[in-house]
Amino acid sequence: MPARTGAEYLDGLRGAREVWFAGERVGDVTRHPILGRPARTLAELYDLQWSPERRDLLTYPSPSTGRPVSLAFIQPRRVDDLVRRRGMFKTWADEHGGLMGRTPDYLNAILAGLASARAYFEKNGPEYGERIVAYYEHCREADLCATHTFVDPQINRARTQSQQADPDVPLHIAGESREGLVVRGARMLATLAPYADELTVFPSPSRTHPSDASRYAFAFAVPVSIPGLSFICRESFDTGGPAADSPLTTRFEEMDAVAVFDDVVVPWDRVFLKGDIALANGLFRFTNAFTHGIHQFVTKNLAKAELVLGVASLVAETIGRTELPYYQQLLGEVVDAVETLRAYLRAAEADAVLDQHGDFVPNPDIISTARNFFPRVYPRLIEILQLIGSGGLMATPTERDLATPEIAGDIERYYQSATRMGKDRVRLFRLAWDLACSSFAGRQVLYERFFAGDLNVLMAGRFTAYDRSAVVERVKALLARAAPPPAP
Ligand SMILES: Cc1cc2nc3c(=O)[nH]c(=O)nc-3n(C[C@H](O)[C@H](O)[C@H](O)COP(=O)(O)OP(=O)(O)OC[C@H]3O[C@@H](n4cnc5c(N)ncnc54)[C@H](O)[C@@H]3O)c2cc1C
């Protein structure tokens, strides 16, 4: 099957799956009054793959069938492939303003990178290399939506998995059968799980959570509908109200869920790594798969910073703040963030590296710097939006108020601004509120702070892995030149 349409994607979600939401098991997420809305947003993204204007931007001919498949699956053999792939990422990200962190293109790019690194998996046994390549091709050809879960539950973060009071809580190997590997336990989070076809389960790319025993060392993938796998969703930030009241929450609430494995039997052809602690902990350090994923989310971050710039500019213009130097400076900070992200992307592609597998990889040093930049800058961008909107972000009556005759006239008059009458101003400020102040907004900030791992750990890794030898030698030479001449 080539690239899917939105309707085909929604059909795929209707199979049996165990999703728990607000105390109930959801039968069909696509028809659920709240969970159904983001499913339709994702379906719109899939539909773009068949729109005459976007198709060439979003797909490329499958290497095995020649039919169009998502460009996010491309294994970049030329620098231009990276540039085209970024165009694909950006086309989708602009549709959701970067607010959906886990659109399928993210995992597609990681899977392509893992398949290229088949030699790494073969160190665990030749069959593991064949399986990762076959799985990648399966996802590419069926255009599946995959998500991932990396991190163990927060039981006691000062202890390793084996040292926990109940070492069976972290996901672990519970046994083996003729059919497959039996796994039991939980993983802390899987964003997008109710909307995914596939759950990939890998060791964490962050070094905060390494495996400490062979029963915790594995990599595999299962269909979300596999027996024994259930997801416990957090509450939704979408209250089911009109889209105009919460224009972002109602469209882009991608959901996060804890994944519980109750003796799930992972078919052997979906087990990619088993029992080797060093290989598990090194998976994302010694392959470039995650670097391809970073390429996707830095592009998504650019779209997100651009969204903040657009909203902040409109809010500022609407209430006459763009003429005041203080607000111009704040908006200038947002411009700098946008252009810094754009520059990182261009530089990482221009200085792309040809890796040992024959793939071009966005320059790992530059793209890692871009990754570490955003968790620090995004909270500031949202703070700036709050500073610009200030109290006006609370002068935000609902659609119901706007439709209430007794107060509609007052709202039209007393909520007017320099450039908009009441109703229009309220709609803009509700959008700004949804981006800067709502529960959805708070989750967006938390997501950017943590989804790629804890920043402190990432920063420490940056320092320890960075090749500083040349600059250190230069300073030593400078010291030698500055040393006092030997006494006569
Ligand atoms: C909205 C959201 C969505 C997410 N979606 C997913 C998902 O889909 N899949 C997935 O796998 N994960 C997901 N995550 C989880 C994310 O991967 C974790 O939050 C992240 O790895 C951090 O783990 P933690 O929160 O347990 O914090 P920890 O890693 O335990 O860190 C907590 C604190 O302890 C400190 N710390 C811990 N260890 C060290 C150390 N060695 N050195 C210095 N400081 C240390 C850190 O500085 C940090 O402040 C998501 C998170 C969020 C917030």
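Start at 1 and go down the list; that is how both ligands and their atoms are numbered. From a predicted model like this one, the values you see are computed outputs, not experimental measurements.
Look at D262 and R184 and you find no salt bridge, because none of the NZ, NE, NH1 or NH2 atoms lies under 4.0 Å from a carboxylate O. Ion pairing between E448 and K304 holds under the 4.0 Å rule for side-chain N and carboxylate O.
Between R86 and Q296, the closest side-chain pair of non-hydrogen atoms is not below 4.5 Å.
Among all protein heavy atoms, the one lying closest to atom 26 (O) of ligand 1 is R157 NH2, 2.7 Å. Protein heavy atom closest to atom 23 (O) of ligand 1, with residue, atom name and distance, is H209 NE2, 3.5 Å. Nearest protein heavy-atom contact of atom 5 (N) of ligand 1 is T191 OG1, 2.7 Å. Shortest contact from atom 14 (N) of ligand 1 to any protein heavy atom: L189 CD2, 3.9 Å. Of all protein heavy atoms, the one lying nearest to atom 38 (N) of ligand 1 is T208 CG2, 3.1 Å. For atom 11 (O) of ligand 1, the closest heavy atom belonging to the protein is F150 N, 2.6 Å.
Side-chain contact annotation: Q49 with D143, donor-acceptor N/O pair under 3.5 Å present. Side-chain polar atoms of Y344 and R371 form no donor-acceptor pair below 3.5 angstrom.
Less than 4.0 angstrom separates some heavy atom of F451 from each of these atoms of ligand 1: 17 (O). Heavy-atom proximity to V151, at under 4.0 Å, picks out these atoms of ligand 1: 11 (O), 17 (O), 21 (O). Within ligand 1, the atoms closer than 4.0 Å to a non-hydrogen atom of A190 are 8 (O), numbered from 1 in the order shown.
One distance of note links CG of D105 with CG of L58; it measures 9.0 Å at 0.5 Å rounding.
Around atom 45 (C) of ligand 1, the closest heavy atom drawn from V457, T147, D256, N456 belongs to V457. Comparing R102, M459, Q154, M188 by heavy-atom distance to atom 15 (C) of ligand 1, the nearest is M188. In this comparison of Y106, F450, Y447, the heavy atom closest to atom 1 (C) of ligand 1 sits on Y447. Among L199, D454, D152, the residue whose heavy atom lies nearest to atom 46 (C) of ligand 1 is D454.
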Report, one line per pair, each donor and acceptor closer than 3.5 Å where one atom sits in a side chain of residues 238-248; sequence neighbours left out.
| unit_1 | atom_1 | unit_2 | atom_2 | d |
| --- | --- | --- | --- | --- |
| D238 | OD1 | R37 | NH2 | 2.9 |
| D238 | OD1 | G240 | N | 2.8 |
| D238 | OD2 | R37 | NE | 2.9 |
| D238 | OD2 | R37 | NH2 | 3.4 |
| D245 | OD1 | E399 | N | 2.7 |

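Counting non-hydrogen atoms of other residues, nucleotides and ligands closer than 6.0 Å to CZ of R234 gives a total above 12. Within 6.0 Å of atom CD in E179, more than 12 heavy atoms from other residues, nucleotides or ligands are found, so the atom counts as buried in its surroundings.
Put simply, no part of R449 is less than 4.0 Å from ligand 1, judged by heavy atoms.
Protein heavy atoms are absent from the space less than 4.0 angstrom from atom 32 (C) of ligand 1. Atom 29 (O) of ligand 1 lies below 4.0 Å from at least one non-hydrogen atom of the protein.
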Stepwise ring-ring contact (aromatic ring centres under 6.0 Å, His included) check, F150 with H148: CA-CA 6 Å; F150 286 149; H148 65 49; 3.8 Å; yes
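Distances between N or O atoms of T149 and those of ligand 1 include no value under 3.5 Å.
Nearest heavy-atom pair, Y9 versus C145, reported as atom, atom and distance to 0.1 Å: CE1-CB, 4.0 Å.
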